[in-house]
Visitor: 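First, the structure itself, so that you have it in front of you.
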Amino acid sequence: MTDSKVCNQNCGTIVFPDFEQVFVFGFFTEDETSSRTAGASKLNDIKKSKASKMPPKSVPLPAKPSKPYFFYGHRKPSQNRPVVYGGLFSNRQVLKPPQSPLPPSPPFDLRKWDPHHLSQNPSPPPISTPHQHSKLSPIARFIIDAFRKSQYTWGPSVVFELNKLRRVTASLVAEVLKVQDDPILASKFFHWAGKQKGFKHNFASYNALAYCLNRNGRFRVADQLPELMDSQGKPPTEKQFEILIRMHADKNRGQRVYYVYQKMKNFGIKPRVFLYNRIMDALVKTGYLDLALSVYEDFRGDGLVEESITFMILIKGLCKAGKVAEMLEVLRRMREMSYKPDVFAYTAMIKILVSKGNLDGCLRVWEEMQRDGVEPDVMAYVTLVAGLCKGGRVQRGYELFKEMKKKGILIERVMYGVLIEGFVKDGKVGSACGLLKDLIDSGYRADLGIYNSLIEGMCDVKLIDRAYKLFQVTVQEGLEPGFATVKPMLLVFAEMRRMSDFCKLLEQMQKLGFSVNDDLSKFFSFVVEKGERTIMAVRVFNELKVKGYGSVLIYNILMGALHKTGKVKQALSLFQEMKDLNFEPDSSTYSNAIICYVEDENIKEACICHNKIIEMSCVPSIDAYYSLTNGLCKIGEIDAAMVLVRDCLGNVTNGPMEFKYALTVLPACKSGAEKVMEVLNEMMQEGLPPDKIICSAIISGMCKYRTIEEARKVFANLRTRKLLTEANVIIYDELLIEYMEKKAADLVLSGLKFFGLESKLKAKGKVPSFAIELNRLSAGVWLHLPAQLACFCFSLLLGPNMHNAVSGYEMIALDLLSPDCLFPNVEYV
C-alpha cells in the first residue's frame with residue numbers, strides 16, 4: 001500500500017459478532033501519528049506533576065479487571081457454540097443450560113389408569129441437546145440441529161437447511177452418522193450426501209452407516225452394504241466384512257455370521273487367521289458346530305496355519321457336542337503343531353464335559369492332561385470331583401481327593417461339601433461323617449449345606465437322635481437352619497409315630513422364628529408326593545389339629561391327595577370338618593370339593609361350590625371346570641355344560657383341548673354331519689377321542705341348527721369306527737330326544753308368554769305343566785286368527801324338526817275370552 005493517499009482515512013468501526021466488545025481502529029498518517037504521540041507524552045507529564053503534589057492514598061482502590069481487547073479478547077459461550085476450544089481468542093468456558101427442577105409427579109390412582117394411554121400417546125423420540133454433541137464440529141451440529149427442527153423426519157425443510165451448506169465431506173457424513181439414532185433418517189441423509197456434486201463416500205462413512213443400522217436393530221440392512229459399496233464403485237474390503245461379523249458375533253447371531261462369511265467368499269475376499277477364528281468362535285458359541293467345521297475346512301483349504309486358539313475353539317465345540325473322539329483327534333493334531341494346552345484350557349474342557357454329563361470324556365481329558373505333563377490346579381480338581389460326585393462316581397472323586405492331600409494341595413471347603421453330599425446320596429453316611437471330622441481338623445467350619453446333607457443321610461438310615469444332635473449344633477453355631485434342615489427329621493418322627501418329639505421340634509422351630517404353619521404346609525406337600533404316605537399324613541394332621549396346628553392350605557393339600565388316591569368320601573369329610581371349625585375355604589378348597597362331589601355323583605353340591613367361587617370373584621381350577629362339565633353332561637344338563645365350557649375358555653389361559661373342540665363342533669353343526677366328522681377326525685389325529693363333552697356339543701348343535709337325523713348319522717359313524725359302544729349310542733340317542741323335547745317345551749312356553757296367554761291361565765289358577773306332550777293335543781276345528789298366528793309362530797320357532805308335528809296338531813276352536821281355549825286336555829298343576 002502507498003503512504004498517505006491510502007492511509008488518510010477516517011476512523012472506522014469494526015464489529016465482531018463472536019465477541020461482546022466493539023473495537024475502534026483508526027488509520028492515520030505519519031504527521032498525525034507523531035503529533036498525537038507528542039501530545040500524549042505532555043499529558044503524561046502533567047498527570048505525574050499533579051500526582052506528586054497530592055497526598056498519598058491510605059487505602060488503595062481495587063484494580064479494575066482489564067477489559068478484553070483485540071489481542072487478548074475472549075467471548076462468552078452461546079447457545080449455538082457452547083464449548084470454546086483453546087486458542088488465541090478463547091477462554092475455554094462452557095455454557096451449561098439452566099436445569100429447572102422437575103415438577104413432582106401426581107400420585108398414581110388406579111381408578112384413573114388408562115391401559116391404552118401409551119398406545120394412543122407414544123413417547124416422542126429422544127431429543128439430543130447441543131450439550132450432548134459438544135464434541136462435534138460446528139457443521140455437524142448444524143446438521144443435527146436441522147434434524148431436530150424437523151422432528152427427526154426427512155422432508156423438504158431438512159433438505160432446505162442442508163442446501164445452505166457450501167460443501168459436505170465424507171468425514172462429516174461419518175461424524176453425523178456416529179451420533180444418529182434414527183436408522184431411516186440416517187439412510188436418507190447418507191443417500192442425500194451421495195447425490196451431491198463431486199461427492200463420494202469413503203470407507204469411514206460406509207462403516208458409520210453400518211454401525212448406525214446395527215445399533216438400531218437394522219442388522220439385515222447393514223448386511224447389504226457390501227453390495228451398495230460395490231455398486232457405487234467402492235468395492236468392500238476385509239475390514240467391512242470384519243465389522244459386520246463382529247457386530248453379529250457380539251449379539252450371538254451365528255447364522256448371520258455365516259451368511260456374511262458366505263458373502264465374503266462371493267466377493268473373492270479371503271479372511272485372515274484372526275477373522276477365521278472369530279467366525280468359528282461365534283458359530284461354536286451359538287451351537288452351530290457343523291457350520292464351524294465347514295469353515296475350518298475352508299481355513300485349511302486356503303493354506304492357512306492354525307494357531308493355538310484355533311484348536312481350542314474347535315476343541316470346546318466338540319466337547320459341547322460330546323464328540324470326544326473327534327476332540328482327541330484335534331488335540332493330537334494340536335500336539336503335532338507343537339502346541340500344548342495349558343491347565344486353564346484343560347480345565348475349560350473338563351468343565352464343558354461335566355456340564356453335558358459326559359464323565360467318561362472328563363476322565364479321558366484328565367488322562368491326556370497327565371500325558372502332556374500338565375499339573376492340575378485346585379480348580380481343575382474341584383471341577384472334576386464335583387462332576388464325578390454329581391454323576392454317582394463318588395469313590396473316584398474320593399481318590400482324587402486323597403491325591404490332592406498327598407500332593408499337599410490346599411483343599412477348599414467346597415471340595416468337602418461336594419464329597420459329603422455324594423457319600424450321603426450313595427448311602428455311605430459313615431464316610432461322610434469321617435470327612436466332616438477331617439474338615440474340622442483342617443481348621444474349616446462346616447456350613448449349613450454340609451450339615452443339611454449329613455442330617456438327611458442320618459435320617460435315611462433312621463439315626464434320628466444323631467441327626468437331632470447335629471441340628472442342635474447348627475443352632476449353637478448360629479447357622480440359622482431352615483425348613484430343609486428339619487424336613488427329614490419331621491418325616492422320620494412321623495413315620496416312627498414319635499409325635500411328642502414331632503411337636504417338640506415344632507415348638508423349637510417356633511422359638512427360632514420359623515413360620516410353623518407355612519412349614520407344615522410344605523411338609524405335607526412333601527409327604528403326599530408319594531401316594532402311599534397319604535394315610536400317614538392324615539393321621540399326623542389329626543393329631544396336630546388337636547394342638548392348634550392347622551390351616552386352609554393344609555386342608556387343600558390333604559383333600560387333593562385323598563382324591564388322587566380314590567378316597568373321595570374322606571376328602572369330603574375333611575371339607576365338612578373344615579367348615580365346622582370355622583375355617584374360610586378358598587377357591588382351591590371349593591375346586592377340590594367340586595371334583596369330589598362330581599365323582600360322588602352329587603352334582604347339585606358341586607354347582608353350589610362353583611357358585612361360591614364365583615361369589616368370591618375367583619376362578620375354579622381347570623380340573624374343576626372339566627369335572628363339573630362332565631358331570632353336567634352325564635345328567636343331561638347340556639346347556640349348563642356349554643356355558644361352563646365358554647366360561648372356562650374365557651377365564652383361563654390354556655383350557656382343555658376338549659373344550660376348544662366342543663366350541664368348534666357347535667358352529668360346524670350348521671354345515672351338517674360331514675363337517676362335524678371333519679372336526680372329529682382332526683381331534684382324533686391329536687390323540688383326543690370323543691368324550692361326553694364332545695357328544696353333548698354334537699347334540700346341542702344339531703338340535704339348534706339341524707335335525708335329529710343328522711345327529712344320529714354322526715353317532716352311527718362313531719359306532720362304525722368303534723369309537724362309541726352300542727350302549728353309549730343308545731344313551732346318547734335318548735339324551736338327544738330328551739333334549740329336543742325339552743327345547744320344544746321351552747319354546748311353547750315362551751310362545752305362551754309372548755302372546756299373553758300365560759297371564760290368562762294364571763288368572764284362572766291353571767298353569768300348564770312343564771312336561772307338556774305335544775302329541776296329546778286334542779282334536780278341534782279351525783282356529784281364530786290370533787290362534788292361527790300363534791300356531792304359525794310356534795311352527796317357525798320349533799324349526800324343521802317339529803314343523804311336521806305342529807302341522808299335525810289338532811286344535812279346538814279358540815275362545816279368546818276363555819282360558820281353556822288352548823290345550824284343554826293338558827294336565828294343570
Visitor: Answer with yes or no after comparing the ring centroid distance for W192 and F199 against a 6.0 Å cut-off, counting only values under it.
Guide: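 Not close enough - the centres of the two rings lie 6.0 Å or further apart.
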Visitor: Sub-3.5 Å donor-acceptor pair from the side chain of N202 to the main-chain atoms of A204, do we have one?
Guide: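 Confirmed, N202 side chain pairs with A204 backbone.
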Visitor: Can you name the ring pair (Phe, Tyr, Trp, His ring centres under 6.0 Å) partners of F142, sequence neighbours left out?
Guide: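 Ring pair (Phe, Tyr, Trp, His ring centres under 6.0 Å) check on F142 returns nothing, list empty.
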Visitor: Is there a side-chain contact between L165 and I143 in this structure, where contact means two heavy atoms from C-beta onward sitting under 4.5 Å apart?
Guide: yes
Visitor: Quick one: does any side-chain atom of Q232 pair with a main-chain N or O of H201 as donor and acceptor, under 3.5 Å?
Guide: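 No, because the side chain of Q232 does not come within donor-acceptor range (under 3.5 Å) of the backbone of H201.
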Visitor: Is D360 salt-bridged to R364, cutoff N-O under 4.0 Å?
Guide: no
Visitor: Answer yes or no: is there a side-chain heavy-atom contact under 4.5 Å between L293 and L314?
Guide: yes
Visitor: With distance as the sole test, does N214 use its side chain to make a donor-acceptor pair with the main-chain N or O of A210 at under 3.5 Å?
Guide: no
Visitor: Do Y381 and K407 have side-chain atoms, one donor and one acceptor, less than 3.5 Å apart?
Guide: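 Their side chains do contain a donor-acceptor pair, which is all the 3.5 Å distance test asks for.
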Visitor: Please check: side-chain N/O of Q240 versus main-chain N/O of P226, any donor-acceptor pairing under 3.5 Å?
Guide: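 The answer is no, because no donor-acceptor pair under 3.5 Å joins these two groups.
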Visitor: Find out whether M334 and P341 are in side-chain contact, i.e. whether some heavy atom of one side chain is under 4.5 Å from a heavy atom of the other.
Guide: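 Answer yes - side chains close enough.
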Visitor: Just jot down the ring pair (Phe, Tyr, Trp, His ring centres under 6.0 Å) partners of Y346, sequence neighbours excluded, or say none.
Guide: none
Visitor: Please give me the minimum heavy-atom distance between V176 and I144, naming the atom from each residue.
Guide: CG1-CD1, 3.9 Å
Visitor: More than 12 non-hydrogen atoms from neighbouring residues, nucleotides or ligands closer than 6.0 Å to CE on M337, yes or no?
Guide: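 Count over threshold, so yes.
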Visitor: Return the orientation label for the F219 and H248 ring planes: parallel under 30°, perpendicular over 60°, tilted otherwise.
Guide: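 The arrangement is perpendicular - the two ring planes meet at more than 60°.
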Visitor: Can you give me the closest heavy-atom contact between N277 and I313, atom names plus distance?
Guide: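 So the two residues come closest at O-CD1, 3.4 Å.
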Visitor: How long is the straight-line distance from CD of E242 back to CD1 of I279, given to the nearest 0.5 Å?
Guide: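 These two atoms lie 9.5 Å from each other.
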Visitor: Quick test of your reading of the model: are K270 and D298 salt-bridged, counting only N-O distances below 4.0 Å?
Guide: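 A salt bridge is absent here (no side-chain N lies under 4.0 Å from a carboxylate O).
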Visitor: Please report the closest heavy-atom contact between S205 and L177, naming both atoms and the distance.
Guide: O-CD1, 3.9 Å
Visitor: Does the distance from a Lys or Arg side-chain N to an Asp or Glu carboxylate O, for E175 and K178, drop under 4.0 Å?
Guide: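 No, E175 and K178 are not salt-bridged.
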Visitor: Using a strict 4.0 Å threshold on nitrogen-to-oxygen distance, state whether K263 and D223 make a salt bridge.
Guide: no
Visitor: Could you tell me if the side chain of V221 sits less than 4.5 Å from the side chain of P183, heavy atoms only?
Guide: no
Visitor: For R141, is there any backbone N or O sitting under 3.5 Å from a side-chain donor or acceptor partner on D145?
Guide: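 Not at all, since once roles are kept as given, no pair shorter than 3.5 Å links the two residues.
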Visitor: Are the side chain of D302 and the backbone of L304 linked by a donor-acceptor contact shorter than 3.5 Å?
Guide: no
Visitor: Is R333 salt-bridged to E336, cutoff N-O under 4.0 Å?
Guide: no
Visitor: Measure across G655 and K660 and return the closest heavy-atom pair with its distance rounded to 0.1 Å.
Guide: O-CE, 3.6 Å
Visitor: Would you please test L289 and L283 for side chain to side chain contact (heavy atoms under 4.5 Å, CB included) and show each step?
Guide: CA-CA 6 Å; L289 178 62; L283 293 172; over 6 Å; no
Visitor: Decide yes or no for Y258 and Y288: does some side-chain heavy atom of the first lie under 4.5 Å from some side-chain heavy atom of the second?
Guide: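 They are not in contact (no side-chain heavy atoms under 4.5 Å apart), so the answer is no.
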Visitor: List the steps and the verdict of side chain to side chain donor-acceptor pair (under 3.5 Å) for N252 and T286.
Guide: CA-CA 6 Å; N252 294 323; T286 52; over 6 Å; no
Visitor: Please give me the minimum heavy-atom distance between R246 and R278, naming the atom from each residue.
Guide: CG-NH2, 3.1 Å
Visitor: Could you check whether R256 makes a cation-pi contact with Y259, meaning its NZ or CZ is under 6.0 Å from the centre of the six-membered ring and within 45° of the ring axis?
Guide: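 Yes, cation above the ring, under 6.0 Å and within 45°.
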Visitor: So, do Y152 and F147 have ring centers that fall under 6.0 Å from each other?
Guide: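 They do not qualify: ring centres at least 6.0 Å apart.
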Visitor: Honestly, is K234 close enough over F203, meaning NZ or CZ under 6.0 Å from the six-membered ring centre and within 45° of the axis?
Guide: yes
Visitor: Give, for atom NZ of K320 and atom CD1 of I315, the distance between the pair rounded to the nearest 0.5 Å.
Guide: 14.0 Å
Visitor: Go through R332 and E368 one step at a time and tell me if the salt bridge (charged side-chain N to carboxylate O under 4.0 Å, His left out) criterion holds.
Guide: CA-CA 10 Å; R332 182 191 62 78; E368 292 294 329; over 6 Å; no
Visitor: Would one find more than 12 heavy atoms of other residues, nucleotides or ligands at under 6.0 Å from atom CG of L400?
Guide: yes
Visitor: Could you check whether any side-chain heavy atom of V305 comes within less than 4.5 Å of a side-chain heavy atom of V273, counting everything from C-beta outward?
Guide: no
Visitor: After noting the C-alpha distance and the side-chain angles of L172 and T169, does the key distance pass the side chain to side chain contact (heavy atoms under 4.5 Å, CB included) rule?
Guide: CA-CA 5 Å; L172 179 63; T169 62; 3.4 Å; yes
Visitor: Under 3.5 Å, is there a donor-acceptor pair linking the side chains of Y296 and E306?
Guide: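 There is such a pair (donor and acceptor under 3.5 Å, judged by atom type) between the side chains of Y296 and E306.
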Visitor: If you measure from CE on M264 to CG on N266, what distance do you get to the nearest 0.5 Å?
Guide: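 CG of N266 is found 11.5 Å from CE of M264.
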Visitor: Any chance you could measure C212, atom SG, to R218, atom CZ, to the nearest 0.5 Å?
Guide: 10.0 Å
Visitor: Assess whether side chain to side chain contact (heavy atoms under 4.5 Å, CB included) is satisfied between L359 and R396, documenting all intermediate values.
Guide: CA-CA 11 Å; L359 299 181; R396 177 68 176 125; over 6 Å; no
Visitor: Pick out which of L244, N207, L209 makes a side chain to side chain contact (heavy atoms under 4.5 Å, CB included) with L225.
Guide: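 Of all the options given, the one that passes is L209.
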Visitor: Working to the nearest 0.5 Å, report the span between CD1 of I409 and CG of D377.
Guide: 8.0 Å
Visitor: Any non-hydrogen side-chain atom of D181 less than 4.5 Å from a side-chain atom of N216?
Guide: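 With C-beta onward as the side chain, the pair touches.
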Visitor: So how far is it from E686 CD to E682 CD, rounded to the nearest 0.5 Å?
Guide: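 So the CD of E686 and the CD of E682 are separated by 6.5 Å.
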Visitor: Walk me through it: do M349 and M312 pass the test side chain to side chain contact (heavy atoms under 4.5 Å, CB included)?
Guide: CA-CA 9 Å; M349 288 185 245; M312 288 308 304; 4.2 Å; yes
Visitor: Could you tell me whether E297 and R300 make a salt bridge, using a distance below 4.0 angstrom between a side-chain N and a carboxylate O?
Guide: no
Visitor: Taking the six-membered ring for Trp, are Y261 and F241 closer than 6.0 Å centroid to centroid?
Guide: no
Visitor: The criterion is ring pair (Phe, Tyr, Trp, His ring centres under 6.0 Å); which residues satisfy it with Y416, sequence neighbours excluded?
Guide: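 For Y416 the ring pair (Phe, Tyr, Trp, His ring centres under 6.0 Å) partners, ignoring immediate neighbours, are F401.
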Visitor: Should we say atom CD1 of I184 is surrounded by more than 12 heavy atoms from elsewhere, each under 6.0 Å from it?
Guide: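 Result for CD1/I184: open.
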Visitor: I'd like to know if K316 pairs up with D281 as an ion pair, taking the criterion as any Lys NZ or Arg NE/NH1/NH2 lying under 4.0 Å from an Asp or Glu carboxylate oxygen.
Guide: no
Visitor: Answer yes or no: is there an ion pair linking E329 with K323, defined by an N-O contact shorter than 4.0 Å?
Guide: no
Visitor: Work out which heavy atom in T347 is nearest to a heavy atom in A380; give both atom names and the distance.
Guide: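 Taking T347 first and A380 second, the nearest heavy atoms are OG1-CB, 3.5 Å.
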